[in-house]
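Below: the structure, in structure tokens.
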Amino acid sequence: LVKFVIKNHSSYETVSSIKSGKIEVGFIATPISIEPPLKAIQLMEFQDVLATSKMNSLDDQIALSDLESYDFIGLCQPTTTYGFYHALFEKYHVNYKPSIEAQTTDQVKTMIQAGLGIGFIRNELLRDDFKIIQIKEDIPKRNVILVYDQSRPQSVLVQKFIHTLS
């Protein structure tokens with residue numbers, strides 16, 4: 001019998017669960033520091049974009065500083081995405097203060113889709129019912145990584161899974 005459970009946690013919770021042996025492997029969005037005995041394998045690069053619902057009549061291009069004037073949806077602390085955007089906004093001397101905070105990217109996507117505001121989301125997650133708003137500042141690309149504890153024995157299933165993805 002093979003048991004494969006998929007859960008949605010913050011990157012920090014995922015790393016903690018891997019370290020404690022509660023889970024064998026996790027998928028995490030960068031940036032995050034992974035130190036031995038944990039090992040990270042880069043799986044894919046992605047680009048976040050600023051999006052809103054098609055119903056929203058926002059300009060096609062705005063600056064990060066303009067976000068203070070809108071209902072801005074973002075992830076809450078402590079998530080790596082929150083830290084990423086907090087540092088990015090700080091770089092451009094803008095306060096990162098989402099009007100609405102969510103715990104998962106899926107929640108952010110759902111709220112944007114419902115017309116509750118604008119927010120950053122992976123380009124690959126968007127469909128036709130979203131409108132992309134260009135940002136004047138550069139938004140660095142990020143990565144999805146697979147993380148596991150190389151000091152712990154892995155089940156055959158996890159070994160094959162890691163080998164297939166890497």
Side-chain angles (χ1 to χ4, degrees), residues 1-51 64 67 72-114 116-127 130 135 137-166:
L1 176 66
V2 174
K3 185 174 181 182
F4 199 73
V5 179
I6 299 173
K7 295 185 177 186
N8 192 356
H9 293 291
S10 76
S11 297
Y12 298 119
E13 290 172 314
T14 301
V15 168
S16 178
S17 293
I18 294 169
K19 284 180 178 178
S20 70
K22 289 181 183 173
I23 62 173
E24 291 184 78
V25 66
F27 297 95
I28 298 173
T30 62
I32 190 167
S33 177
I34 302 296
E35 298 176 8
L38 299 188
K39 180 170 178 153
I41 300 170
Q42 183 176 326
L43 299 177
M44 66 174 273
E45 187 176 70
F46 68 91
Q47 178 71 55
D48 286 334
V49 294
L50 185 63
L64 290 178
L67 292 178
F72 177 57
I73 304 166
L75 291 177
C76 59
Q77 293 187 54
T79 62
T80 55
T81 300
Y82 182 96
F84 172 79
Y85 281 107
H86 186 271
L88 178 71
F89 278 53
E90 210 169 59
K91 174 182 172 184
Y92 293 108
H93 309 290
V94 178
N95 287 329
Y96 180 69
K97 294 177 86 172
S99 311
I100 303 171
E101 292 187 0
Q103 288 191 322
T104 68
T105 303
D106 290 338
Q107 291 171 337
V108 171
K109 179 184 171 192
T110 300
M111 288 188 263
I112 293 169
Q113 192 173 20
L116 297 178
I118 59 177
F120 288 100
I121 193 157
R122 281 197 351 239
N123 195 27
E124 295 84 12
L125 298 177
L126 298 181
R127 297 191 313 255
F130 290 90
I135 293 288
E137 297 83 0
D138 288 327
I139 307 295
K141 291 185 178 182
R142 300 168 63 200
N143 293 291
V144 173
I145 57 176
L146 176 121
V147 179
Y148 66 97
D149 186 339
Q150 56 189 350
S151 71
R152 292 182 188 271
Q154 269 93 36
S155 66
V156 173
L157 173 66
V158 169
Q159 288 174 20
K160 287 182 179 183
F161 185 67
I162 291 169
H163 178 73
T164 301
L165 291 177
S166 57

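Note that these values count all heavy atoms, side chains included, but never hydrogens, waters or copies made by symmetry. Here the structure is a predicted model, which is why all the values come from computation and not from measurement.
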Without swapping roles, check the side chain of [X] against the backbone of [Y] for a donor-acceptor pair under 3.5 Å.
| X | Y | answer |
| --- | --- | --- |
| S99 | F72 | yes |
| T30 | N143 | yes |
| S20 | S16 | yes |
| Q154 | R152 | yes |
| E24 | Y148 | no |

Is the shortest side-chain heavy-atom distance between [X] and [Y] below 4.5 Å?
| X | Y | value |
| --- | --- | --- |
| I73 | P98 | no |
| D48 | F46 | yes |
| V94 | L88 | no |

Heavy-atom pair of closest approach, residues [X] and [Y]:
| X | Y | result |
| --- | --- | --- |
| A102 | M111 | CB-CE, 3.4 Å |
| Y12 | T79 | CE1-C, 3.7 Å |
| T105 | L125 | CG2-CD1, 3.9 Å |
| K39 | Q150 | CD-OE1, 3.5 Å |
| E124 | E45 | OE2-O, 4.4 Å |
| Y85 | R142 | CE1-NH1, 4.3 Å |

Pairwise distance [atom1]([X]) to [atom2]([Y]) - rounded to 0.5 angstrom:
| X | Y | atom1 | atom2 | value |
| --- | --- | --- | --- | --- |
| H163 | Q159 | NE2 | CD | 11.0 Å |
| K19 | T14 | NZ | OG1 | 12.0 Å |
| N8 | Q107 | CG | CD | 8.0 Å |
| Q103 | S10 | CD | OG | 8.5 Å |
| I135 | L64 | CD1 | CG | 5.0 Å |
| K22 | H9 | NZ | NE2 | 9.0 Å |

Exercise for review: Give me the one residue out of L67, I121, I112, I139 that meets side-chain contact (heavy atoms from CB on, under 4.5 Å) with L50.
Suggested key: L67

Point to revise | Sole candidate of L146, L157, V147, L165 that passes side-chain contact (heavy atoms from CB on, under 4.5 Å) when paired with V25 | key: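 Looking at L146, L157, V147, L165, the match for V25 under the side-chain contact (heavy atoms from CB on, under 4.5 Å) is L146.
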
Taking atom types as modelled and ignoring hydrogens, do the side chains of [X] and [Y] form a donor-acceptor contact shorter than 3.5 angstrom?
| X | Y | value |
| --- | --- | --- |
| E137 | Y92 | no |
| S151 | D149 | yes |
| N123 | Q47 | no |

**Study point:** Non-neighbouring partners of E35 that pass salt bridge (Lys or Arg N to Asp or Glu O under 4.0 Å), sequence neighbours left out
**Key:** none

Exercise for review: Show your reasoning for whether side chain to side chain contact (heavy atoms under 4.5 Å, CB included) applies to F89 and K97.
Suggested key: CA-CA 10 Å; F89 278 53; K97 294 177 86 172; over 6 Å; no

Exercise for review: Check the pair I41, I162 against side chain to side chain contact (heavy atoms under 4.5 Å, CB included), reporting the backbone distance first and the verdict last.
Suggested key: CA-CA 9 Å; I41 300 170; I162 291 169; 3.8 Å; yes

Study note, to complete from the structure: So salt bridge (Lys or Arg N to Asp or Glu O under 4.0 Å) across residues 154-166, not counting sequence neighbours, yields none

